[in-house]
2 protein chains.
Amino acid sequence: MSKAYNVMAATCPSRTVLHRIGARWTVFVVNALAAGPMRFTELKAHIRGITSKALTETLRAMEYDGLILRTDYGGNPPHVEYALTPLGHSLLGPLRAVREWAETHVPDIESARAARSTTGS
Amino acid sequence: MSKAYNVMAATCPSRTVLHRIGARWTVFVVNALAAGPMRFTELKAHIRGITSKALTETLRAMEYDGLILRTDYGGNPPHVEYALTPLGHSLLGPLRAVREWAETHVPDIESARAARSTTGS
DNA sequence: CGAGACGGTATAGATTGGATACCGGTATCT
DNA sequence: AGATACCGGTATCCAATCTATACCGTCTCG
C-alpha cells in the first residue's frame, strides 16, 4: 500500500496540502512560473488582479512548502527571482488538467448559472 | 486554437470557475459523491470536519453551477439526496490527479516545511 | 411524554483576504 | 538640487469568509 494518506481523514496532512493548492493564487503563480523564473513585479503584472500583499504571501507560503525557490540577487535596484522547484514543477501536470477542465467547461457552468437565474425561484 | 479562455485575464470567467473548484470543500464533496448519491448527514459524516453551514453553502453553490443535483423526496422524515451531474462527474478526473499529487507529495512538502523550521531564521 | 433523526438556519466570533498607502535606497529626469 | 519613478515588499484598515454552537419543525420510537 503506497496510499498512506487519506484525504477525508481531517487529521490528514494532505488536507493542508490541498488547502495550499486551492489557495486562490497558487494556481496562477505555478502557471506563470511554468515558462521560467520571474521577478516580483513581472509576476504581479502577469497575474492581473493580484495585489502585492497577496502575491507576497502566496510566494512565501509556496517557498515554505518547497514549491518555489526565491533567489535574491541583492544589490540595487532590488533584484529577486522566483522559480519553480522540481516539486513545483511536478504540480504543473495535475494543475493543468484542472485549468483545462475549467476552460473547457466555462460555457456549461455559465449556462447552468443562467438557467438558475432566469428559471429559478 | 480552441483555447478561447485565458486564465490570466482577470476578466475571464474561468477565474470564477477555478475559484469555485478551489473553494476548500468542493473537492471533498465531489470526491465523496464519486461513489454515488448521498444524503446530507451522510455527506457530513463522510467529510470529517465540515460543519452544517459550510456543507449547505458548498452544496448550494455546486448546485447553482450545475455540478450536483439536489433531489428532495420530501415527506417525512426529510429525505434529500445529492448526486453528481455529468458535469460534476467530468470534474472527477482532473481532481483526482490533484488529490493523488497531494497524497504522493505530502512527505516532500512536510520535509520542506521541517527544513525551513529547523534551519531557517 | 421525552428523546432523537433529519435537513437544515441563526447568530456570533475568529480568521483570512483585499484595497490603499507607504517605505528605503538608488537612478534618472528637469 | 529637487522631484519623480523603479523595485520588492510592509503596514494598516476594512470587508468578506469560515467556524462553532445552538436551535428549528416535524415526525417516529420508546
Side-chain angles (χ1 to χ4, degrees), chain A residues 8-12 15-29 32-33 36-65 68-83 120-121, chain B residues 8-12 15-29 32-33 36-65 68-83 120-121:
Chain A
M8 291 307 189
T11 55
C12 179
R15 274 283 174 91
T16 56
V17 173
L18 229 40
H19 187 204
R20 175 81 12 109
I21 295 174
R24 188 167 195 98
W25 294 114
T26 307
V27 184
F28 301 104
V29 171
L33 255 35
M38 276 198 187
R39 303 177 59 172
F40 188 88
T41 39
E42 212 171 348
L43 222 38
K44 188 161 172 283
H46 198 84
I47 307 171
R48 307 249 165 217
I50 196 172
T51 62
S52 297
K53 184 187 173 185
L55 183 53
T56 301
E57 284 174 4
T58 305
L59 290 171
R60 291 275 187 281
M62 289 176 68
E63 189 197 6
Y64 186 82
D65 283 356
I68 61 172
L69 185 69
R70 195 190 106 116
T71 311
D72 190 344
Y73 294 98
N76 188 291
H79 187 128
V80 183
E81 278 195 356
Y82 295 92
S121 86
Chain B
M8 292 306 189
T11 55
C12 178
R15 273 285 175 89
T16 55
V17 172
L18 229 40
H19 187 203
R20 175 73 21 103
I21 295 173
R24 190 170 190 96
W25 293 115
T26 307
V27 183
F28 301 103
V29 171
L33 254 37
M38 274 198 190
R39 304 177 59 171
F40 187 89
T41 39
E42 212 171 347
L43 222 37
K44 187 160 172 283
H46 199 83
I47 306 171
R48 307 249 165 217
I50 196 173
T51 62
S52 297
K53 186 183 173 188
L55 183 53
T56 301
E57 284 172 5
T58 305
L59 291 171
R60 292 275 188 280
M62 291 177 69
E63 189 196 7
Y64 185 82
D65 283 356
I68 59 172
L69 184 70
R70 195 190 108 115
T71 311
D72 190 343
Y73 294 97
N76 189 290
H79 187 130
V80 183
E81 277 195 356
Y82 295 92
S121 93

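Below, read A as the first sequence line, B as the second, and so on, with proteins coming before strands; counting in each chain starts at 1. This structure is a prediction, so every number in the text was calculated from the model and none was measured.
Using a 4.0 Å heavy-atom cutoff across all strands shown, Thr41(A) reaches sugar-phosphate atoms only and no base atom. Residue Lys44(A) is classed as having no contact, given no heavy-atom separation below 4.0 Å to the nucleic acid. Within 4.0 Å of Tyr82(A), counting heavy atoms only, lie sugar-phosphate atoms of the nucleic acid but no base atom.
In this structure, Glu57(B) atom CD and dA10(C) atom P are separated by 11 Å, rounded to whole Å. In this entry the distance linking CD of Glu42(B) with P of dG8(C) reads 13 Å, nearest Å. Whole-Å rounding puts the Asp72(A) CG to dG8(D) P distance at 9 Å. The distance between atom CG of Leu55(B) and atom C1' of dG8(C), rounded to the nearest whole Å, is 10 Å. What separates OH of Tyr73(B) from P of dT26(D) is a distance of 24 Å, to the nearest Å. One atom, CE of Met38(B), and another, C1' of dG7(C), lie 16 Å apart when rounded to the nearest Å. The separation between Glu81(B) atom CD and dG7(C) atom P is 9 Å, rounded to whole Å. Computed from coordinates, the His19(B) NE2 to dG17(C) P distance equals 10 Å when rounded to whole Å.
Contact annotation: Trp25(B) reaches the phosphate of dT19(D) (side-chain N/O to OP1 or OP2, under 4.0 Å). Applying the 4.0 Å criterion to OP1 and OP2 of dG8(D), one finds that Arg60(A) has every side-chain N and O outside that range. For dA5(C), neither phosphate oxygen OP1 nor OP2 lies less than 4.0 angstrom from any side-chain nitrogen or oxygen of Arg39(B).
Phe28(B) CZ to Leu43(B) CG: the interatomic distance, rounded to the nearest 0.5 Å, is 12.5 Å. Considering CG of Leu59(B) and CG of Leu33(B), their distance stands at 8.0 Å, rounded to 0.5 Å. Within the model, atoms OG1 of Thr41(A) and NE2 of His46(A) stand 13.5 Å from one another, a figure rounded to the nearest 0.5 Å. Atoms OG1 and CD, from Thr58(B) and Glu63(B) in turn, are 12.5 Å apart once rounded to the nearest 0.5 Å. Between atom OH of residue Tyr82(B) and atom CD of residue Glu42(B) there is a gap of 12.5 Å, rounded to the nearest 0.5 Å. Separation of atoms CD1 (Ile50(B)) and CZ (Arg48(B)) is listed at 13.0 Å; rounding is to 0.5 Å.
When the nucleotides dG9(D), dG8(C), dG17(C) are ranked by their closest atom to the side chain of Phe40(B), dG8(C) comes out on top. Checked against dC6(C), dT11(C), dG8(C), the side chain of Lys53(B) finds its nearest nucleotide in dT11(C). Side-chain proximity of Ser52(A) to dG9(D), dC7(D), dA20(D): nearest is dG9(D). The nucleotide whose nearest atom lies closest to any side-chain atom of Arg24(A) is, among dT10(D), dG17(C), dG24(C), dG17(C). Here the nucleotide nearest the side chain of Thr56(A), chosen from dT19(D), dG18(C), dG9(D), is dG9(D).
For the pair Ile68(A)/Arg70(A), no side-chain contact is recorded, criterion being any heavy-atom separation below 4.5 Å from C-beta on. By the 4.5 Å heavy-atom criterion applied to side chains, Met62(B) and Thr26(B) are counted as neighbours.
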Between the protein and nucleotides 27-30 of chain D, list the N/O to N/O atom pairs that are separated by less than 3.5 angstrom.
unit_1	atom_1	unit_2	atom_2	d
dC27(D)	O4'	Asn76(B)	OD1	2.9
dC27(D)	O4'	Asn76(B)	ND2	3.3

